[in-house]
2 protein chains.
Amino acid sequence: MTSTLGYAILAVLARGERTGYDIAAAMRRPVSYFWTARHSQIHAELQKLAAGGLVAFDARHGPGPQDKKVYRLTPEGGDALRAWVTEPPRERPERDELVLKTYASWLADPGLLRRLFAEQLRVHEERLAEYEREEERFGGPPDPGDPRFGNYATLRCGLGYERHRAEWCRWMMAQLSASL
Amino acid sequence: MTSTLGYAILAVLARGERTGYDIAAAMRRPVSYFWTARHSQIHAELQKLAAGGLVAFDARHGPGPQDKKVYRLTPEGGDALRAWVTEPPRERPERDELVLKTYASWLADPGLLRRLFAEQLRVHEERLAEYEREEERFGGPPDPGDPRFGNYATLRCGLGYERHRAEWCRWMMAQLSASL
DNA sequence: GCAGACTATGTCAGAAGTGACATAGTCTGC
DNA sequence: GCAGACTATGTCACTTCTGACATAGTCTGC
C-alpha cells in the first residue's frame, strides 16, 4: 500500500523529526541511501503518510506563508518500517543509459567514445575519493543496532559500486585504444 | 526529443529488422543492455519513431488479427542513434530498494536480515555464474567495430556489477553475524 | 481434430517521477 | 536598510512506466 518513497521517508524520520524541507535536502543527493525525490513528491507523500497515521506533525512558527510542519514517526509508522525492512525487495528493472550506449557503441567513433568514458571515469573517481574520505571519518563499522550502521553499510555499497564502475570505464578505454 | 526508450529500440534494430514482439522479447530480461520495457510501451514508442521517420516497417502476413509489422532502421534513425551514443548520458537518479532497506537495517531483526541478504547473495551468485558461462562463449573481446562488441562490453559491466554486489552481501552477512 | 503454447498488436487507467510555477518569511553580510 | 541566500510548503501539467484487458492467428504434440 505504502510506496517505496513512503518507506524512504519513514527511514529518514526514524532518525529524528524533520520538516519536509529537511527530508528533501537529505534526498537531493543519492549518497548514503540511494533513493532520491524532489520536494514536490515528498510533500505529497507526507500528506498520504499522515492520512494513513504513519507520521504525525506539529505546526511550529517558521518562514513562509504557512507554519512549518515538523514530522515524526508514529508507533504505527515504526512498525510498518520495521516490517518492510526484512521483506524481499521488489525487483526494479535496471535502466542504465551508459550501458545502453555501450550496447550500440560499435556504431560510433572510437575517439568520441574514449572522451565519453574518460569523463565518466573522472566522475566515478571523484565520487570514490569522496566516499573514501567519508569512510575514514567512521573509523570502522558501527554496531548493527546503531543508526550509523545504516549510513556505513550503504557507504560500503557505494564504494564497491564506484570501484566496479571506474574499473569498467578503464577497461572500455583500453579496448577502444587497442584497436587503433 | 526521442526518449531513451526510443534509442534502446533503435539500438536493437541496428542489429537487424525485428517485429515489436521480437524487441519486447529481447527487452524482457535486462541481460546485455540494461534496459527493459513492456510490449505496451514498445508498440507505442514504435509508432512515435515511425511518425518521426526514424524507423520504417513492412507489413507481412503473420498470426493475429492484423498483419505483423517488420521494423527496420531508416538512414535518419541510424544517424540519430550514432549521434546519441557519444553524447553524455542523462543523469538518472539511483534508486535501489535493497540499499534503502540497509539504511534502515539498524531497526530490524538481525536473523531476518541475514536471511534477506543470503537470498540476495544467492541471486547474484546465480547470475554471475550465468554471465561467466556467457563470457566463455565469446572467447575474448570482439573488435570494437563488431556488433558483438556491444554485447561483450555490457556483459563485462554485468560481471563487475554482480561481483561487487555479491561481495557486499557477503560483507553484510559477516557484519550481522559478528554482532551475535 | 483439438488443447495449449507461442506469436503478434494494440488500448487504457493509474502510479511514479520531473520541472516549472507560486508564495513568503528569516537570516547574514555589506 | 536592503540584496541575496536560505527555509518552507504547496500545486499542476506532463512524461514514463506498469499491469490488466482485448483480440486472434499459427504451430506442436497427442
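A, B, ... follow the sequence lines: proteins, then strands. Residue 1 opens every chain.
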Rounding to a whole Å, what distance do you find between B/Asp22:CG and C/dA8:P?
-> 6 Å

Treat primed atoms plus P, OP1 and OP2 as sugar-phosphate and everything else as base, then score nucleotides 25-30 of chain D 5' to 3': B for base contact with protein heavy atoms under 4.0 Å, S for sugar-phosphate contact only, - for none.
-> BS----

Nearest heavy-atom neighbours spanning A/Pro144 and A/Phe149 = CA-CG, 3.6 Å

Residues B/Asp96, B/Arg165; criterion salt bridge (charged side-chain N to carboxylate O under 4.0 Å, His left out); working and verdict = CA-CA 12 Å; B/Asp96 190 317; B/Arg165 202 70 177 190; 2.9 Å; yes

Rounded to whole angstrom units, what separation is found between the CD atom of A/Glu91 and the P atom of D/dC17?
-> 17 Å

Separation of D/dT16 P from B/Ile9 CD1 (nearest whole Å) = 12 Å

Between D/dG10, C/dG10, D/dC17, which nucleotide has the shortest distance from any of its atoms to the side chain of A/Arg95?
-> D/dC17

Here the gap from A/Leu121 atom CG to A/Arg114 atom CZ, rounded to the nearest 0.5 Å, amounts to 14.0 Å

Please write out which residues are connected to A/Tyr161 in a hydrophobic cluster, directly or through intermediates, given that two of Ile, Leu, Val, Met, Phe, Trp, Tyr count as joined at side-chain heavy-atom separations below 4.5 angstrom.
-> B/Tyr161

Starting at CD of B/Glu94 and ending at C1' of C/dA16, how long is that distance when rounded to a whole Å?
-> 17 Å

Contacts of type side chain to side chain donor-acceptor pair (under 3.5 Å), residue A/Arg170, not counting sequence neighbours | A/Glu125

Name all residues meeting the side chain to side chain contact (heavy atoms under 4.5 Å, CB included) criterion together with B/Arg148; count only those two or more places apart in sequence or in a different chain, and write none if there are none.
-> B/Phe138, B/Pro142, B/Asp146

Can A/Glu126 and A/Arg122 be said to form a salt bridge (charged side-chain N to carboxylate O under 4.0 Å, His left out), step by step?
-> CA-CA 6 Å; A/Glu126 218 163 79; A/Arg122 198 189 58 74; 2.8 Å; yes

Please collect all ring pair (Phe, Tyr, Trp, His ring centres under 6.0 Å) contacts where either partner lies in residues 2-24 of chain B, sequence neighbours excluded, each pair once.
-> B/Tyr7-B/Trp84

Using atom OH of B/Tyr21 as one end and atom C1' of C/dT7 as the other, report the distance to the nearest whole Å.
-> 5 Å

When the distance from CD1 of B/Ile23 to P of C/dT7 is rounded to whole Å, what number comes out?
-> 15 Å

Go through the structure and list residues passing side chain to side chain donor-acceptor pair (under 3.5 Å) with A/His39, not counting sequence neighbours.
-> none

What pairs with B/Glu87 under salt bridge (Lys or Arg N to Asp or Glu O under 4.0 Å), at least two apart in sequence or on another chain?
-> none

Closest heavy-atom pair, B/Cys157 versus A/Val99, reported as atoms and distance to 0.1 Å, is SG-CG2, 3.9 Å

Near DNA chain C, which residues from residues 11-19 of chain B have a heavy atom under 4.0 Å away?
-> B/Thr19

Tell me, do B/Lys69 and B/Asp58 make a side-chain contact under 4.5 Å, heavy atoms counted?
-> no

Whole Å only: how far is the NZ atom of B/Lys69 from the C1' atom of C/dT7?
-> 15 Å

Can you name the side chain to side chain contact (heavy atoms under 4.5 Å, CB included) partners of B/Arg15, sequence neighbours left out?
-> A/Tyr103, A/Trp106, B/Arg18, B/Pro147, B/Asn151

Mind calculating the distance between CZ (A/Arg60) and P (D/dT7) to the nearest angstrom?
-> 17 Å

Tell me, what's DNA chain C's dot-bracket, Watson-Crick or G-U with both distances under 3.5 Å, | for other-strand, [ ] crossing?
-> ||||||||||||||||||||||||||||||

Members of residues 37-47 of chain B that approach DNA chain C, where some heavy atom sits under 4.0 Å away | B/His39, B/Ser40, B/His43, B/Gln47

Nearest-nucleotide pick for B/Leu5, side chain only, options being D/dT9, C/dT9, D/dC17 | D/dC17

Within the structure, does a side-chain N or O atom of B/Arg92 lie under 4.0 Å from either OP1 or OP2 of D/dC17?
-> yes

Determine all donor-acceptor pairs shorter than 3.5 Å in which one atom belongs to a side chain in residues 44-57 of chain B; sequence neighbours excluded.
{"unit_1": "B/Glu45", "atom_1": "OE1", "unit_2": "B/Ser3", "atom_2": "OG", "d": "3.4"}
{"unit_1": "B/Glu45", "atom_1": "OE2", "unit_2": "B/Ser3", "atom_2": "OG", "d": "3.4"}

